[in-house]
Amino acid sequence: TAGGFVAGLGLCSFLFGMPGFWFSLKGAGLALLFYFPLFALRAMGAGDAKLMAAVGSLAGPWNWLGIFFLTAILGGILAIILTVSRGAFRRTLANMLFVLKQLASFQAPFSGRPELDASHTSALTLPHACSVAFGSIGFLAAAWFLAPR
């Protein structure tokens, strides 16, 4: 992920000079703005946040938003498939309600239920990098098909 971040900064800087450098930093910064709170709440690992920052440095802020929304949709579909296949759909819905209740009372969700910590051994985890990869590829394909020629 560090290599991707540096490549994004370098490529954008090489192609577009100083505006490209700032474009790349804005993309990475926007990704961290979205993903750091999820990391701080232990809803996902640091690698996921760093991966999206690297994608943001390559794509820039507006394109990153498109990738983020597509990644979220694909990740949601993958999460439903994963929870149903493991027989954990009801437990996951109960956990979602618990998370909302904890956040509404300004408490960390993992403090009440350790399995809500993404690094806990009994946590049901989602391979987020797969969602990011398919979201990025899907965004590039959509941009290629929908871009004016």
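Numbering starts at 1 and runs along the sequence shown.
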Show me the side-chain donor-acceptor pairs of residues 101-112 shorter than 3.5 Å, one per line, residues at least two apart or across chains.
unit_1, atom_1, unit_2, atom_2, d
Q102, NE2, Q107, OE1, 3.3
S105, OG, K101, O, 3.2
S105, OG, Q102, O, 3.0
S111, OG, A108, O, 2.6

Inset, instruction - Can you tell me which residue pairs pass the ring-ring contact (aromatic ring centres under 6.0 Å, His included) test with a partner in residues 129-149, sequence neighbours excluded? - result: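 Sorted pair list comes back empty.
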
Inset, instruction - For S13, check side chain to side chain contact (heavy atoms under 4.5 Å, CB included) against everything at least two apart and list the hits. - result: F21

Inset, instruction - Report the distance from atom CD1 of I73 to atom OG of S131, rounding to the nearest 0.5 Å. - result: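 So the gap between those two atoms works out to 11.5 Å.
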
Legend entry - Rounded distance (nearest 0.5 Å) linking atom CG of L51 with atom OG of S136: 7.5 Å

Inset, instruction - Work out which heavy atom in G20 is nearest to a heavy atom in C12; give both atom names and the distance. - result: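 Shortest heavy-atom separation between G20 and C12 comes out as O-CB, 3.2 Å.
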
Legend entry - Closest heavy-atom pair and its distance - V132, V55: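 Closest heavy-atom pair between V132 and V55: CG1-CG2, 4.0 Å.
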
Inset, instruction - Could you note down all residue pairs passing salt bridge (Lys or Arg N to Asp or Glu O under 4.0 Å) where residues 2-31 supplies at least one of them, sequence neighbours left out? - result: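 Found none.
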
Legend entry - Pair listing, salt bridge (Lys or Arg N to Asp or Glu O under 4.0 Å) test, anchored in residues 58-77, at least two apart: none

Return all side-chain donor-acceptor pairs below 3.5 angstrom for residues 29-42, not counting sequence neighbours, or 'none' if the list is empty.
unit_1, atom_1, unit_2, atom_2, d
Y35, OH, H128, NE2, 3.0
R42, NH1, D117, OD2, 3.2

Identify every side-chain donor-acceptor pair in residues 74-91 under 3.5 Å, counting partners at least two apart or on other chains, and give the distances.
unit_1, atom_1, unit_2, atom_2, d
T83, OG1, A79, O, 3.0
T83, OG1, I80, O, 3.1
S85, OG, I81, O, 3.1
S85, OG, L82, O, 3.0

Inset, instruction - Look at the side-chain heavy atoms of Ile, Leu, Val, Met, Phe, Trp and Tyr, link any pair under 4.5 Å apart, and say whether F16 and L11 land in one connected group. - result: yes

Inset, instruction - Would you kindly confirm whether F23 and M18 end up in one hydrophobic cluster when ILVMFWY residues are joined by side chain heavy atoms under 4.5 Å apart? - result: no

Per-pair distances, 0.1 Å, donor-acceptor, side chain in residues 56-68, under 3.5 Å, sequence neighbours excluded:
unit_1, atom_1, unit_2, atom_2, d
S57, OG, F5, O, 3.3
S57, OG, A54, O, 2.8
N63, ND2, A59, O, 3.1
W64, NE1, M52, O, 3.4

Inset, instruction - Show which residues join L100 in its hydrophobic cluster (side-chain heavy-atom contacts under 4.5 Å, direct or indirect), or state none. - result: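 The other cluster members (ILVMFWY side chains, heavy atoms under 4.5 Å, direct or chained): none.
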
Inset, instruction - Please write out which residues are connected to L97 in a hydrophobic cluster, directly or through intermediates, given that two of Ile, Leu, Val, Met, Phe, Trp, Tyr count as joined at side-chain heavy-atom separations below 4.5 angstrom. - result: none

